[in-house]
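Structure first, commentary second.
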Amino acid sequence: MSFVNTAVPKVDAPALVTGKPVYTDDIAPKDCLVVKILRSPHAHALIEEIQTENAKKVPGVECILTYKDVPDKRFTMAGQTYPEPSPYDRLILDQRVRFVGDAVAIVAAETKEAAERAMKLIKVKYEVLEPVLDFHQAKDNAVLIHPEENWKSLCPVGADNKRNLCACGREEHGDIDAVLDACDYVVEGTYHTKANQQAMMETFRTYTYMDTYGRLNVVSSTQITFHVRRILANALDIPKSKIRVIKPRIGGGFGAKQTVVTEVYPAIVTMKTGKPAKLVYTREESQIASTPRHEMEVKVRVGADKDGIIKGIDVYTLSNTGAFGEHGPTTVGLSGHKSIPLYGKTEAFRFAYDVVYTNVMSAGAYRGYGATQGLFAVESAVNELAEKMGIDPVALREKNIVTEGQVMPAYYGETANSCALDRCLEKAKEMMHWDEKFPARDLGNGKVRGVGVAMAMQGSSISNVDNASVAIKVNDDGFYSLMIGASDMGTGCDTILAQMAADCLDCEMENIIVSGVDTDVSPYDSGSYASSTTYLTGIAVMKTCETLKEKILAKGAQYLECSREEVDFDGKKVFCLKDGREISLMEIGNRIMCNNEDALFASESYSSPVSPPPFMVGMAEVDVDQETGEIELVDYVAVVDCGTVVNPSLARVQTEGGIAQGIGMALYEDVVYSESGKNFSNSFMQYKIPSRQDVGTIRVEFESSYEPTGPFGAKSIGEVVINTPSPAIAQAVYNASGVRVKELPITAEKVYWGMKK
């Protein structure tokens with residue numbers, strides 16, 4: 001390999017560092033109508049009357065749309081493969097509003113000022129209804145969030161709108177109650193993770209226009225280009241053939257842009273007016289009317305015998321999907337299916353869950369996608385179990401972790417074909433000097449320094465569901481065009497896929513031109529989510545390259561007047577094995593442009609029957625002030641098994657960034673609501689995300705395994721890296737203070753009052 005496992009610079013780096021106009025708002029037409037959304041001040045209400053006449057008189061206002069002006073057709077904004085597990089519970093605009101910030105009217109004007117002035121003149125009379133704000137009380141509540149008759153669920157996920165259930169389910173193996181009753185040591189705990197905002201740098205934004213052929217063109221910062229087309233067709237009630245979606249450069253997504261947050265609003269304005277329209281969310285809108293991480297409460301029971309073998313794990317998750325069901329049925333599954341399988345010696349497990357509707361902002365996808373919440377609970381419970389048994393939590397894990405060749409419990413019957421989790425533990429322990437530091441040391445200055453550990457796993461695409469395709473063609477002069485349907489959202493997938501293609505085709509990376517996603521010309525791809533791109537699209541690249549090489553060999557043989565069996569290809573030329581005659585790829589590329597019937601073009605797809613998990617170990621070192629409870633993160637050590645590391649530089653950046661986000665979830669980030677359902681966390685003044693000064697030292701290493709089903713032995717890395725900070729930091733804080741915080745974030749106030757008690 002010349003490029004895979006090499007720190008190749010990102011192919012788009014020069015454009016980004018020189019400030020080229022590459023993002024959605026940079027390239028939007030200057031004459032776009034400016035779209036703004038009038039939002040509900042109530043958590044639950046019916047619109048009795050809405051007056052727009054005075055607002056329409058504002059100079060520059062093009063149109064104002066209410067629920068009376070949009071299709072009465074339910075859809076989901078969740079970017080998922082059809083049939084979507086998320087219920088069809090939305091309208092573009094609805095007479096019933098379900099959270100503070102829900103859309104009431106769409107205003108489009110020539111200027112931002114005109115649109116904002118018009119919004120102030122819209123008069124709305126509401127019938128205020130009782131909201132359901134506590135997700136513990138939502139299931140079977142007399143107040144229904146979705147009483148409408150045209151609500152529907154396409155998949156059997158246990159959804160029932162008449163019970164405020166977005167999903168429910170149960171899975172078990174063995175008699176978990178009997179196994180836990182027989183254990184010598186059992187711990188039981190309830191762990192609460194709040195909603196978290198993805199806080200990507202580029203807020204949600206979309207612009208739309210009608211092309212020469214009367215088709216709706218949508219340019220949007222999205223992770224799910226092809227799903228956007230289907231969702232808009234459903235929402236607007238028009239054929240998919242009438243819609244084209246283009247993805248420019250994305251300024252961060254982290255799962256937020258796996259939901260169609262903004263696209264429907266400018267789209268319907270353009271459909272109504274025929275004019276280009278643009279919607280750019282403010283930071284406040286992104287904070288109060290988007291799709292944060294699902295709030296979850298996870299109850300865990302875990303038991304071990306006297307020898308320290310974990311025999312059973314019981315997990316129940318209550319998930320708050322908010323006002324709508326985007327990703328509700330799917331995120332919850334990972335809370336159990338990506339935590340229980342870490343422990344390979346269990347005799348029994350049970351995983352049950354309920355996902356409920358409430359009158360708060362709808363939740364959605366966020367890096368880690370439910371695994372983050374479940375791992376905080378299960379890993380914290382295992383740390384408590386180790387303390388109860390009086391043994392080192394690293395030693396307890398070493399006895400119980402899943403190993404290569406094992407069938408993973410609660411993981412769909414899959415075998416761990418690649419697993420370096422044992423080596424990750426060993427390496428992290430060495431990097432942290434664990435034996436010297438565990439559990440804590442008094443620094444003699446009023447502070448105690450403690451350490452904590454946690455493990456994590458994720459997946460690599462959604463098995464038997466996700467689909468990736470690429471297309472490659474040979475151009476004149478012999479360079480290649482690589483057309484992908486996966487959305488690069490800053491992770492560098494354009495670069496990684498070009499690295500793979502260059503190695504497969506034995507050429508320089510400069511000879512491969514990567515083009516982004518356009519539903520009219522790109523091959524179909526499910527989208528950039530579920531840690532799928534490197535693993536799934538990577539295999540599609542390898543398959544396509546093999547197909548294309550066969551076509552190059554056949555064409556070269558034709559030009560050399562040899563049989564296919566008599567020629568070979570070294571990346572630069574096709575040559576005859578018998579007599580050494582050759583023809584360069586450049587000459588082939590130029591000759592096929594004249595008098596040729598064989599296109600040197602290939603396209604292949606791939607869908608995996610398995611989802612091999614990457615693994616990770618994280619260790620945190622924190623100082624806790626014994627007087628104030630203040631927490632300072634001193635050091636964070638991470639060791640990751642993502643199979644073959646395709647690009648070490650990009651993998652390291654992914655890991656460091658994910659850890660920083662995990663630190664934010666553990667220590668700072670909290671979406672807070674008033675008693676009436678108003679979101680107080682509406683800016684970065686109220687919603688604290690960690691700065692560089694808050695994350696301490698982050699040290700990352702890799703312990704590679706080889707995944708036989710992956711491209712060049714690779715697995716995913718994008719999501720697993722966010723999962724260990726919360727449980728590792730929670731244990732480190734406990735070891736330093738004696739306070740076990742089970743509700744995130746872990747704040748100085750919680751530690752202080754815990755120490756006082």
Side-chain angles (χ1 to χ4, degrees), residues 133-137 187-197 293 295-300 318 320 360 372-373 375-388 393 438-454 620-636 662-675 678-681 685-691 693-696 724-757:
L133 299 175
D134 184 347
F135 74 130
H136 300 95
Q137 300 173 4
V187 298
E188 182 174 351
T190 300
Y191 306 86
H192 185 192
T193 61
K194 300 287 196 70
N196 301 126
Q197 283 289 357
R293 188 186 297 284
E295 176 186 22
M296 291 187 187
E297 184 178 84
V298 185
K299 296 181 179 179
V300 181
L318 177 64
N320 183 2
V360 298
T372 320
Q373 297 96 306
L375 282 161
F376 169 62
V378 172
E379 287 299 282
S380 293
V382 170
N383 285 331
E384 291 183 49
L385 180 65
E387 186 201 19
K388 188 171 186 177
F438 176 77
R441 295 164 292 151
D442 193 326
L443 300 181
N445 59 355
K447 296 182 179 180
V448 176
R449 180 167 292 180
V451 291
V453 61
E621 186 173 22
V622 305
D623 287 352
V624 176
D625 190 308
Q626 301 299 293
E627 290 294 324
T628 65
E630 183 182 3
I631 305 160
E632 179 185 356
L633 182 61
V634 177
D635 191 16
Y636 199 91
I663 291 167
M665 177 180 179
L667 295 176
Y668 303 107
E669 299 177 41
D670 193 2
V671 174
V672 179
Y673 288 94
S674 72
E675 292 182 356
K678 179 178 173 59
N679 188 343
F680 286 145
S681 310
M685 292 295 289
Q686 288 76 30
Y687 186 81
K688 163 71 174 173
I689 61 174
S691 69
Q693 292 178 319
D694 297 316
V695 298
T724 59
S726 291
I729 291 171
Q731 192 207 4
V733 169
Y734 172 77
N735 287 333
S737 67
V739 178
R740 197 175 292 282
V741 181
K742 297 184 179 181
E743 180 185 74
L744 299 180
I746 307 164
T747 62
E749 290 83 357
K750 292 175 184 176
V751 175
Y752 173 82
W753 288 114
M755 291 190 298
K756 287 294 183 183
K757 290 178 182 178

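Counting heavy atoms from C-beta on, the side chains of Phe135 and Glu297 come closer than 4.5 Å. Taking 4.5 Å as the limit, every side-chain heavy atom of Lys194 sits out of range of all side-chain heavy atoms of Leu744. A heavy-atom distance below 4.5 Å is not found between the side chains of Val624 and Val448. Considering only heavy atoms from C-beta on, Pro393 comes within 4.5 Å of Gln731 through its side chain. At least one side-chain heavy atom of Glu387 sits less than 4.5 Å from a side-chain heavy atom of Arg740. In this structure, Tyr636 and Val695 have side chains that are not in contact, with every pair of non-hydrogen atoms separated by 4.5 Å or more. In this structure, the side chains of Ile663 and Asp694 stay at 4.5 Å or more apart for every pair of heavy atoms. Between Asn196 and Tyr687 the shortest side-chain heavy-atom distance falls below 4.5 Å.
The structure places CG of Leu375 at 13.0 Å from OH of Tyr191, a figure rounded to the nearest 0.5 Å. One finds the CG atom of Leu385 at 11.5 Å from the CD atom of Glu379 (value rounded to the nearest 0.5 Å). A distance of 7.0 Å separates CE of Met755 from CG of Asp625, quoted to the nearest 0.5 Å. The CD atom of Glu743 sits 9.0 Å away from atom CZ of Phe376, with the distance rounded to the nearest 0.5 Å.
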*Would you sort out whether Leu667 and Ile631 count as a side-chain contact (heavy atoms from CB on, under 4.5 Å), showing the intermediate values?*
CA-CA 8 Å; Leu667 295 176; Ile631 305 160; 4.2 Å; yes
*asked:* What verdict does the salt bridge (Lys or Arg N to Asp or Glu O under 4.0 Å) test give for Lys742 and Glu384, after you've listed the backbone C-alpha separation in whole Å, the side-chain angles of each residue and the deciding distance to 0.1 Å?
replied: CA-CA 11 Å; Lys742 297 184 179 181; Glu384 291 183 49; 3.7 Å; yes
_Chi angles and distances behind the side-chain contact (heavy atoms from CB on, under 4.5 Å) call for His192, Glu295_ = CA-CA 8 Å; His192 185 192; Glu295 176 186 22; 2.7 Å; yes
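Heavy-atom neighbours of Lys688 NZ from other residues, nucleotides or ligands within 6.0 Å: above the threshold of 12. Within a 6.0 Å sphere centred on NZ of Lys750, heavy atoms belonging to other residues, nucleotides or ligands number more than 12.
Donor-acceptor pairing under 3.5 Å is lacking for the side chains of Asn383 and Ser380.
Ala377 and Val300 get closest at one heavy-atom pair: CB-CG2, 3.7 Å. Summarising the geometry of Val298 relative to Gln373, their closest heavy-atom pair is CG2-O, 4.3 Å, with the distance given to 0.1 Å. Considering every non-hydrogen atom in both Pro727 and Ala454, the closest pair reads CG-CB, 3.5 Å. Counting all heavy atoms, side chain and backbone alike, Ser681 lies closest to Asp670 at OG-O, 3.1 Å. Considering every non-hydrogen atom in both Ala732 and Gly452, the closest pair reads CB-N, 3.5 Å. When all heavy atoms of Tyr752 and Thr628 are compared, the pair lying nearest together is CB-O, 3.6 Å.
No donor-acceptor distance shorter than 3.5 angstrom exists from the side chain of Asn735 to the backbone of Ala440, with no hydrogens or angles considered.
Applying salt bridge (Lys or Arg N to Asp or Glu O under 4.0 Å) to Asp623 and the options Lys447, Arg449, Arg441 leaves one that passes, Arg449.
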